[in-house]
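First comes the structure, then the notes that go with it.
Chain letters run A, B, ... following the sequence lines, proteins first and then strands; every chain starts at 1. Owing to the predicted nature of the structure, the values given are computational and were not obtained by experimental measurement.
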Number of protein chains: 2
Amino acid sequence: MSEAADTRQQFLSVATRLFAERGFYGTSIAAIADELPYTKQALLHHFGSKEKLYGEVLKGISDQLMTELEAARDATSGEGSSALEDTLIRFYRLLEGQTHKTQLLMRELLDNKHRATSANVWYLRPFLESLIALAKQASPSTFASDAQALITVYQLLGAMNYFLVSEPTLSQMFGEEMYRELRSGYEEKLRVLISQAIG
Amino acid sequence: MSEAADTRQQFLSVATRLFAERGFYGTSIAAIADELPYTKQALLHHFGSKEKLYGEVLKGISDQLMTELEAARDATSGEGSSALEDTLIRFYRLLEGQTHKTQLLMRELLDNKHRATSANVWYLRPFLESLIALAKQASPSTFASDAQALITVYQLLGAMNYFLVSEPTLSQMFGEEMYRELRSGYEEKLRVLISQAIG
DNA sequence: AACCATACTTACCACATGGTAAGCTGTCAA
DNA sequence: TTGACAGCTTACCATGTGGTAAGTATGGTT
């Protein structure tokens, strides 16, 4: 039983990485299984279909993002917009080390219409709702409606995600060394952007 | 000859739309040809391979984005950071009506590592360079280095792209009517973000 | 000892994929 | 009039795809 759970977890882990790197259509279930000492039928045994596996991966990512966002919030002392700023920076730092989450997030935004709509399941919703709640809680006066809150936090999320996802591109353009420099300076830039957007 | 050029153009047009919507792996050359009164072999006759077709699509997008960015710049009167602000807003308005360009841009950022690197061609580079030049030209004092310029403009590009690409997601979450409201208010939000980021 | 469910594997399969080969048809230059 | 070539089509193919069917091995339950 626990061995089975472990196998499942291994599949989920590899699948998450590959889906993030290559996208849903760019990743075959055989390719996932090939990185583990199992056949693709073992994968199908555990998850039923590629679509369901992808669903579990997305749900996992969404859950983790939510948890991490809330952890970032709870680790932040103080209240109001400066607390929100700290929380978002903390969240950014978390994302920094786990680029695949950002990649999957963006892929899902892009593919949503064609893939998830047909399955009619909307995995990222809880995370986005948690984001709204965070903004409203930190600054109820600034963010009257859900939409107003989301639109602002969304801008910031967009800015940081876009940057994180662009690592290959920027490394290629400026060289890896220069990219590391860029990245180390980015956090401060982001902080400024955040404080101005919500202040 | 001109008929052939027309056929090519038709292929490019459909291919651009489908690649943007479904990604490289999610789009088969047969699917592209099926939307036109030709067979997929006609497509291969004109472009040689799927990869080359995709390359031409990307090059087309990159060229158009560059041209439009420069047109936006030239349409802007004045100088300095407020001119840059106007230019970027103008550029945003252009993108607003042509979501597929934004989608392709982001897909290429995501897939770059796995697809384009192997082909070793980096199609979006001219556009990004043009973006850097724009920023440096508008505010040479603020943006000392290429990297410093890019990192800031990049944030803004990220914020607007992210929002544009999220239409399906946000429509689904808030309903289409609410989304239209969100979107109509977004330009002003973006303007504020821009002016603060570069001011 | 018989049963049974879980965790897998091997063997298959129908179908879609990108791509090749070869031919057909019209146009246009020599 | 012939030849060549551009712009297609039909025929075909090897490979990869997600998925099914039918097992085998193992460990726990009665």
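- Atom pair A/L43:CG and C/dA7:C1' shows a separation of 13 Å (rounding to whole Å applied).
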Contacts under 3.5 angstrom, residues 132-140 of chain A side chains, donor-acceptor by atom type, not counting sequence neighbours:
| unit_1 | atom_1 | unit_2 | atom_2 | d |
| --- | --- | --- | --- | --- |
| A/K136 | NZ | A/D146 | OD1 | 2.8 |
| A/S139 | OG | A/T142 | OG1 | 2.5 |

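- Below the 3.5 angstrom threshold, one finds a donor paired with an acceptor across the side chain of A/K40 and the base of D/dG19.
- Here the C1' atom of nucleotide C/dT17 and the CG atom of B/L53 are 15 Å apart, to the nearest Å.
- A donor N or O paired with an acceptor N or O is not found under 3.5 Å between the base of D/dT10 and the side-chain atoms of B/Q41.
- Distance B/K50 NZ to D/dT15 P: 19 Å, rounded to the nearest Å.
- We find that CD1 of A/I32 is positioned 13 Å from C1' of D/dT17, with the value rounded to whole Å.
- Rounded to whole Å, atom P of D/dA21 lies 13 Å from atom CG of A/L44.
- Judged purely by atom type and a 3.5 angstrom limit, A/S166 has no side-chain atom pairing as donor or acceptor with the backbone of A/T169.
- Rounded to an integer number of Å, the gap from A/F47 CZ to C/dC8 P is 11 Å.
- Side chains of A/I194 and A/L190 form a contact here, defined as non-hydrogen atoms less than 4.5 Å apart.
- In this structure, A/H46 atom NE2 and D/dG18 atom C1' are separated by 18 Å, rounded to whole Å.
- Looking at residues two or more places apart in sequence or on another chain, you find no side chain to side chain donor-acceptor pair (under 3.5 Å) involving A/K50.
- The environment of CD in A/E79 is sparse: at most 12 heavy-atom neighbours from other residues, nucleotides or ligands sit within 6.0 Å.
- B/H45 has no side-chain polar atom (N or O) that falls below the 4.0 Å cut-off from OP1 or OP2 of D/dT9.
- Protein atom CG of A/L36 is 16 Å distant from nucleotide atom C1' of C/dT9, rounded to whole Å.
- Near DNA chain D, defined here as any heavy-atom distance below 4.0 Å, the residues from residues 20-31 of chain A are A/T27, A/S28, A/I29, listed numerically.
- Taking the six-membered ring for Trp and the full ring otherwise, A/Y162 and B/Y162 have centroids separated by 6.0 Å or more.
- Set against C/dG19, C/dT10, D/dT9, the side chain of A/T39 has C/dT10 as its closest nucleotide.
- The aromatic rings of A/Y154 and B/F163 lie perpendicular to each other, with more than 60° between the two planes, well past the 30° mark.
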